[in-house]
Structure formats: C-alpha cells, structure tokens
Amino acid sequence: MHTKYAVEIARLGPLNKATGALLIAQPNISRSIKELESHLGMTIFDRSAKGMVLTFEGEEFVSYAQSILKQIDDVEDLYKQGSPKKQKFSV
C-alpha cells in the first residue's frame with residue numbers, strides 16, 4: 001500500500017488531492033510515505049510549505065513502482081475473471 005500511495009501523490013500532486021482519491025486521512029498517508037522512505041533508505045519526496053515534490057531518486061522509484069503496480073493489476077484482473085483458458089494442441 002505504501003508504494004501505491006507514493007505513486008498517487010506523484011501522479012496527483014498536492015497531498016490533499018491524493019487523500020481524496022485514496023480515501024485516507026492525510027496523516028496516515030504522510031506516515032506511510034515516511035515508513036516507505038525509511039524502509040528503502042531514501043528520500044522519495046522533498047517536503048516544503050508548497051507541498052511534496054519528487055526527488056531524482058523518487059522519480060526513478062515511482063517509474064519502477066508504476067510498472068510493478070500495473071503488472072499486479074493485470075494479474076488480478078486475469079484471475080478475477082477466472083483461470084486462463086487452457087488450449088489443447090494435438091498432432
């Protein structure tokens with residue numbers, strides 16, 4: 001979930017927009033991002049009075065994270081609709 005929050009903040013910009021889209025309180029998102037940064041040992045966002053802006057490392061992280069989250073969504077969609085159809089092949 002922490003990764004998804006980081007991607008949404010990067011996509012939407014202001015934290016208050018991300019909180020609305022994710023339906024989660026701002027303090028919880030802030031805490032999640034800090035935990036993610038601590039876990040990864042990097043700073044994803046620079047914080048200022050104007051909001052949160054991606055760092056260079058953060059841009060790289062979000063790029064990878066978007067790709068991973070898309071793959072997760074694709075797999076979930078595939079299996080929510082049922083198992084893939086097995087094709088028979090004979091000669």
Side-chain angles (χ1 to χ4, degrees):
M1 265 326 212
H2 297 334
T3 302
K4 184 175 182 176
Y5 296 163
V7 168
E8 284 301 297
I9 293 167
R11 184 176 73 83
L12 295 171
L15 195 55
N16 63 347
K17 285 187 180 179
T19 59
L22 295 167
L23 303 174
I24 188 166
Q26 186 270 334
N28 294 333
I29 289 182
S30 294
R31 184 175 39 255
S32 292
I33 296 300
K34 286 179 184 177
E35 288 174 5
L36 178 62
E37 290 174 328
S38 176
H39 176 73
L40 296 173
M42 64 182 281
T43 302
I44 300 170
F45 293 99
D46 282 328
R47 293 153 177 85
S48 72
K50 294 181 181 181
M52 297 170 69
V53 179
L54 284 171
T55 62
F56 176 76
E57 284 182 312
E59 289 179 18
E60 187 175 50
F61 170 79
V62 166
S63 176
Y64 283 113
Q66 287 171 326
S67 177
I68 291 165
L69 292 172
K70 167 115 175 59
Q71 289 176 353
I72 290 169
D73 288 344
D74 290 347
V75 168
E76 288 177 352
D77 288 346
L78 178 67
Y79 288 98
K80 282 181 184 174
Q81 297 171 4
S83 298
K85 304 271 192 261
K86 292 184 181 181
Q87 296 181 350
K88 293 184 179 182
F89 178 77
S90 62
V91 179

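Residues take their numbers from the sequence shown, with the count starting at 1. Because only heavy atoms are used, hydrogens play no part in the values below, and waters and symmetry mates are left out as well, while side chains stay in.
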>> If the condition is side chain to side chain contact (heavy atoms under 4.5 Å, CB included), which residues does S32 pass it with, not counting sequence neighbours?
In response: H2, Y5
>> Once salt bridge (charged side-chain N to carboxylate O under 4.0 Å, His left out) is applied, what residue pairs with a partner in residues 3-15 remain, sequence neighbours excluded?
In response: E8-R11
>> If I take atom CG from residue D77 and atom CD1 from residue I72, how far apart are they, to the nearest 0.5 angstrom?
In response: 12.0 Å
> Just wondering, do I44 and L36 contact through their side chains at under 4.5 Å, heavy atoms?
Replying inline: yes
> Same hydrophobic cluster for V7 and F56, using side-chain heavy-atom links shorter than 4.5 Å among ILVMFWY?
Replying inline: no
>> Which residues pass the salt bridge (Lys or Arg N to Asp or Glu O under 4.0 Å) test with D73, not counting sequence neighbours?
In response: none
> Are any non-hydrogen side-chain atoms of V53 and F45 less than 4.5 angstrom apart?
Replying inline: no
Distance-only donor-acceptor hits, side chain of residues 12-23, under 3.5 Å, sequence neighbours excluded:
{"from": "T19", "atom 1": "OG1", "to": "N16", "atom 2": "O", "distance (Å)": "2.8"}

>> Can you pull out every side-chain hydrogen bond (donor to acceptor under 3.5 Å, both in side chains) where at least one residue sits in residues 51-72? Sequence neighbours excluded, please.
In response: K70-D74
>> When you group the ILVMFWY residues by side-chain heavy-atom contacts below 4.5 Å and let the links chain together, are I68 and L78 in the same group?
In response: no
> How many angstroms lie between CD1 in I33 and CD1 in I9, if you round to the nearest 0.5 Å?
Replying inline: 4.0 Å
>> According to salt bridge (Lys or Arg N to Asp or Glu O under 4.0 Å), who are the partners of R31, at least two apart in sequence or on a separate chain?
In response: none
